[in-house]
Amino acid sequence: QQQGAVTIAADPYETQDKIKTAFDLKELEKNGIVPVHIIISNDGEDTLAISGQDISLLDSGNRSFEPLSVEEVVRAVVYKEGPSRTSRTPSPLPFPRGSGRRGELFEIETDLTNKSLRDLRVAGKTSLGGFVFFKLPNNRMRLGGYKVYIPEIRNLKTQQNLLFFE
């Protein structure tokens with residue numbers, strides 16, 4: 001979708017084959033975690049600020065789904081725990097001991113962190129992006145009928161908020 005000089009694309013990774021092109025984790029699909037690649041293109045002159053934590057997913061009834069934190073994704077794929085929705089604050093490291101994949105924990109967490117969409121500063125005439133991760137009801141992997149909602153994109157020069165994106 002384009003508004004003014006800003007274009008945003010959302011590319012859901014809904015199948016195991018597509019997930020494998022970006023992540024070496026078959027557990028994402030098994031746990032019903034859908035990575036969505038968000039790409040922000042800024043054709044204007046001023047730098048824009050976007051927070052990955054503010055992005056949500058809206059279903060056809062406008063019910064909102066917050067993205068999972070990297071820690072929640074790691075817990076789901078390494079320790080087979082369902083994502084906890086009680087707190088967005090990270091728990092202290094190290095992670096509790098799990099079975100089998102503990103040796104890969106650092107690599108998995110680093111890979112997910114490096115590819116995730118965090119706070120972005122998109123300079124004029126550039127594009128940046130990253131992944132946000134969503135857990136849908138009943139381990140649903142298809143996002144047909146859902147909209148990505150970005151409530152705030154801020155122009156850092158003027159300090160004005162641009163229109164939200166859906």
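Along the sequence shown, the residues carry numbers beginning at 1. Computed from a predicted structure; not experimentally measured.
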Would you say the side chain of [Y] lies within less than 4.5 Å of the side chain of [X], judging by non-hydrogen atoms?
| X | Y | value |
| --- | --- | --- |
| L136 | Y146 | yes |
| L112 | F131 | no |
| E29 | L25 | no |
| V36 | D11 | no |
| D43 | V6 | no |
| N62 | Y149 | no |
| I8 | I153 | yes |

Those residues that, when tested against E45, pass side chain to side chain contact (heavy atoms under 4.5 Å, CB included) (two or more places apart):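 Partners of E45 under the side chain to side chain contact (heavy atoms under 4.5 Å, CB included) test: K125.
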With R63 via side chain to side chain contact (heavy atoms under 4.5 Å, CB included) - residues at least two apart: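 Testing R63 for side chain to side chain contact (heavy atoms under 4.5 Å, CB included), a comparison that skips the adjacent residues, returns D59, F65, P137.
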Looking at every heavy atom in both [X] and [Y], which two are closest together, and how far apart are they?
| X | Y | value |
| --- | --- | --- |
| L28 | P35 | CD1-CG, 4.0 Å |
| L117 | G129 | CD1-C, 4.0 Å |
| S56 | P67 | CA-CD, 4.5 Å |
| Q1 | Q3 | NE2-NE2, 3.2 Å |
| G52 | V132 | O-CG1, 4.0 Å |
| T47 | N42 | CA-ND2, 4.3 Å |

Measure from NZ or CZ of K18 to the centre of the six-membered ring of Y13 and say whether it is under 6.0 Å with the direction within 45° of the ring axis.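 Because its charged atom sits under 6.0 Å from the ring centre and within 45° of the axis, K18 does stack over Y13.
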Any donor-acceptor pair under 3.5 Å from [X] side chain to [Y] backbone:
| X | Y | answer |
| --- | --- | --- |
| T113 | T110 | no |
| R154 | L156 | no |
| T126 | A123 | yes |
| S116 | R118 | no |
| N31 | E27 | yes |
| E14 | L143 | yes |

Starting at [atom1] of [X], measure out to [atom2] of [Y] and round the result to the nearest 0.5 Å.
| X | Y | atom1 | atom2 | answer |
| --- | --- | --- | --- | --- |
| I150 | I40 | CD1 | CD1 | 5.5 Å |
| M141 | T15 | CE | OG1 | 8.0 Å |
| I50 | R121 | CD1 | CZ | 8.5 Å |
| E152 | I55 | CD | CD1 | 12.0 Å |
| N155 | N161 | CG | CG | 9.5 Å |
| K147 | L58 | NZ | CG | 7.0 Å |

Excluding sequence neighbours, so at least two apart, what forms ring-ring contact (aromatic ring centres under 6.0 Å, His included) with F134?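 None.
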Charged N-O contact under 4.0 Å between K115 and D111: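 Judged by the 4.0 Å cut-off on N to carboxylate O distance, K115 and D111 do form a salt bridge.
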Side chains of T7 and S41 only: does a donor on one sit below 3.5 Å from an acceptor on the other?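 No, because no side-chain N or O of T7 sits under 3.5 Å from a partner of the opposite role on S41.
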